[in-house]
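Right, one structure below, let's go through it.
Below, chain A is the first sequence line, B the second, and so on; all start at residue 1.
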Number of protein chains: 2
Amino acid sequence: MTSRLEALCLEKGLKMTGQRRVIAQVLSDADDHPDVEEVHRRAALIDTRISIATVYRTMRLLEDVEVIERVDLGDGRARYEEASADHHHHLIDTRSGRIIEFASPELEAIKERIAHDLGYKIVGHRLEIYGVPLDDAGADGQGANGAGPNGAGPNSAGKEQ
Amino acid sequence: MTSRLEALCLEKGLKMTGQRRVIAQVLSDADDHPDVEEVHRRAALIDTRISIATVYRTMRLLEDVEVIERVDLGDGRARYEEASADHHHHLIDTRSGRIIEFASPELEAIKERIAHDLGYKIVGHRLEIYGVPLDDAGADGQGANGAGPNGAGPNSAGKEQ
DNA sequence: TTGGGATTGCGAACGGTTTGCAGTATGATG
DNA sequence: CATCATACTGCAAACCGTTCGCAATCCCAA
Ligand SMILES: [Mn+2]
Ligand SMILES: [Mn+2]
Ligand SMILES: [Zn+2]
Ligand SMILES: [Zn+2]
């Protein structure tokens with residue numbers, strides 16, 4: 001049974017080996033932002049004979065052909081997610097480690113304008129927000145209120161990890 | 001002669017050693033974003049007897065007491081700059097490596113609103129833009145035009161590195 | 001089915017950073 | 001101003017995520 005990502009790999013003309021199929025499977029199933037060790041761990045559940053080196057190599061390969069995207073969340077290691085049509089950023093809950101995805105057209109527009117005004121064309125950018133839940137033991141008042149009306153994107157709800 | 005940062009360190013109650021004084025000097029003089037090796041290199045010009053380990057330890061210390069700030073510009077190593085009152089971000093010229101600082105109140109406001117709407121209080125954030133000069137061999141048209149009227153901050157001109 | 005280039009597993013090497021340890025300096029105290 | 005406990009330093013080894021060389025293996029086009 002070919003996974004979503006395996007199909008993508010075939011389209012890109014990649015040679016499909018057993019380990020690549022397993023990794024593609026793992027990444028297709030994932031809805032979080034696993035690092036290489038985590039991918040390896042999950043892959044090992046399906047097929048024990050996959051080395052971490054191969055996972056590293058495959059992640060790089062998949063990144064190169066833009067099947068997955070590298071995410072830098074500030075902890076030491078590289079994390080990955082399926083390359084998706086909808087660009088987004090991450091808010092990291094520093095208390096729980098939970099990761100919430102968001103998108104903001106306004107923010108992107110401003111960013112674009114800033115670069116342009118400085119005489120630059122954007123070739124990439126990175127934005128992460130680190131925060132703590134408002135309703136927790138927050139020093140600053142304000143009650144909790146669900147995701148609001150602003151451009152906060154496709155998934156105002158959040159994935160974890 | 002006590003440097004600006006040395007004075008700050010004294011205020012914070014840090015024990016001032018010879019090597020710390022030299023490092024404080026180097027950082028006071030710097031107007032770019034040196035990594036640890038670069039700080040060590042510059043420090044060695046003033047006093048040859050400073051080990052890289054001490055520089056690492058001192059940078060961490062100064063970061064902890066908020067005399068300097070760590071900057072992550074995407075290359076492997078940590079870079080640093082003097083902690084300043086005016087918050088800003090960086091646009092990295094991927095062709096030249098030049099680093100341009102900018103600030104944008106609108107951008108900060110939107111970021112604030114996004115987090116709030118998601119139910120979070122911001123404790124930190126990170127934003128970098130990678131770009132290439134518009135007037136270079138840009139594929140996408142538009143002539144060059146200097147820094148514009150938008151909130152692009154305190155130093156629309158740029159520092160290098 | 002075969003053959004050769006691509007891929008794998010292993011361990012060693014990498015680059016940036018941290019750390020254990022023994023020796024040295026600092027600055028508080030008398 | 002001398003003394004001393006403590007904090008700091010240099011060195012080298014360890015660390016952590018990641019890459020790489022190499023020989024063995026696999027994939028897939030012919
Ligand atoms: Mn994501
Ligand atoms: Mn800066
Ligand atoms: Zn964006
Ligand atoms: Zn900001």
Closest nucleotide among D:dT18, D:dG17, D:dG10 to the A:Ala78 side chain: D:dT18
In whole angstroms, the gap separating C1' of D:dA7 from NZ of B:Lys12 amounts to 20 Å
With sugar-phosphate meaning primed atoms plus P, OP1 and OP2, does B:Ile52 contact a base, only sugar-phosphate, or nothing at under 4.0 Å between heavy atoms? nothing
Close side-chain approach of A:Leu61 and A:Arg20, heavy atoms under 4.5 Å: yes
Quick one, B:Thr58 with B:Gln19, criterion side-chain contact (heavy atoms from CB on, under 4.5 Å). Give me CA distance, side-chain angles, the key distance, then yes/no. CA-CA 9 Å; B:Thr58 304; B:Gln19 21 280 80; 6.0 Å; no
To the side chain of A:Lys15, which of C:dA6, D:dA12, D:dC8 is closest? C:dA6
Nucleotide D:dC26, atom C1' - distance to CG of A:Asp47 in whole Å: 14 Å
Grab the CZ-P distance between A:Arg70 and D:dG17 for me, whole Å please. 14 Å
For the residue pair A:Leu8 and A:Leu5, establish whether any side-chain heavy-atom pair is separated by less than 4.5 Å. yes
Residue-phosphate contact under 4.0 Å: A:Gln19 side-chain N/O, C:dG9 OP1/OP2: yes
Please report the distance, rounded to the nearest Å, between CZ in A:Arg21 and C1' in C:dT8. 15 Å
Any side-chain N or O of B:Tyr56 under 4.0 Å from OP1/OP2 of C:dT18? no
With respect to the side chain of B:Glu37, which nucleotide from D:dA7, D:dC27, C:dG16 is positioned closest? C:dG16
What is the distance, to the nearest angstrom, from the CE atom on A:Met16 to the P atom on D:dT25? 22 Å
Of all the choices, D:dT6, D:dC28, D:dG17, which nucleotide is nearest to the side chain of A:Arg77 once you look at every atom? D:dG17
Here the distance between atom P of C:dG15 and atom CG of B:Asp35, to the nearest Å, is 14 Å
Using a heavy-atom cut-off of under 4.0 Å over every strand shown, decide if A:Arg20 touches base, sugar-phosphate, or nothing. sugar-phosphate
Rounded to whole Å, please give me the gap between CG in A:Leu14 and P in D:dC28. 11 Å
C:dT18, C:dC10, C:dG20: which one has an atom nearest the side-chain heavy atoms of B:Arg60? C:dT18
Check for a donor-acceptor pair, side chain of A:Arg79 on one end and backbone N or O of A:His33 on the other, with a separation under 3.5 Å. yes
note: B:Leu10, atom CG; C:dA28, atom P; distance rounded to Å ~ 11 Å
With the side chain of B:Arg57 defined as its heavy atoms from C-beta on, choose the nearest nucleotide among D:dG10, C:dG16, C:dC10. D:dG10
What are the two closest non-hydrogen atoms of A:Ser84 and A:Glu69, and how far apart are they? N-OE2, 4.2 Å
B:Thr17 side-chain N/O to D:dT9 phosphate OP1/OP2 under 4.0 Å: yes
Counting side-chain heavy atoms from C-beta on, which of D:dC8, D:dG10, C:dG9 comes nearest to B:Thr54? D:dG10
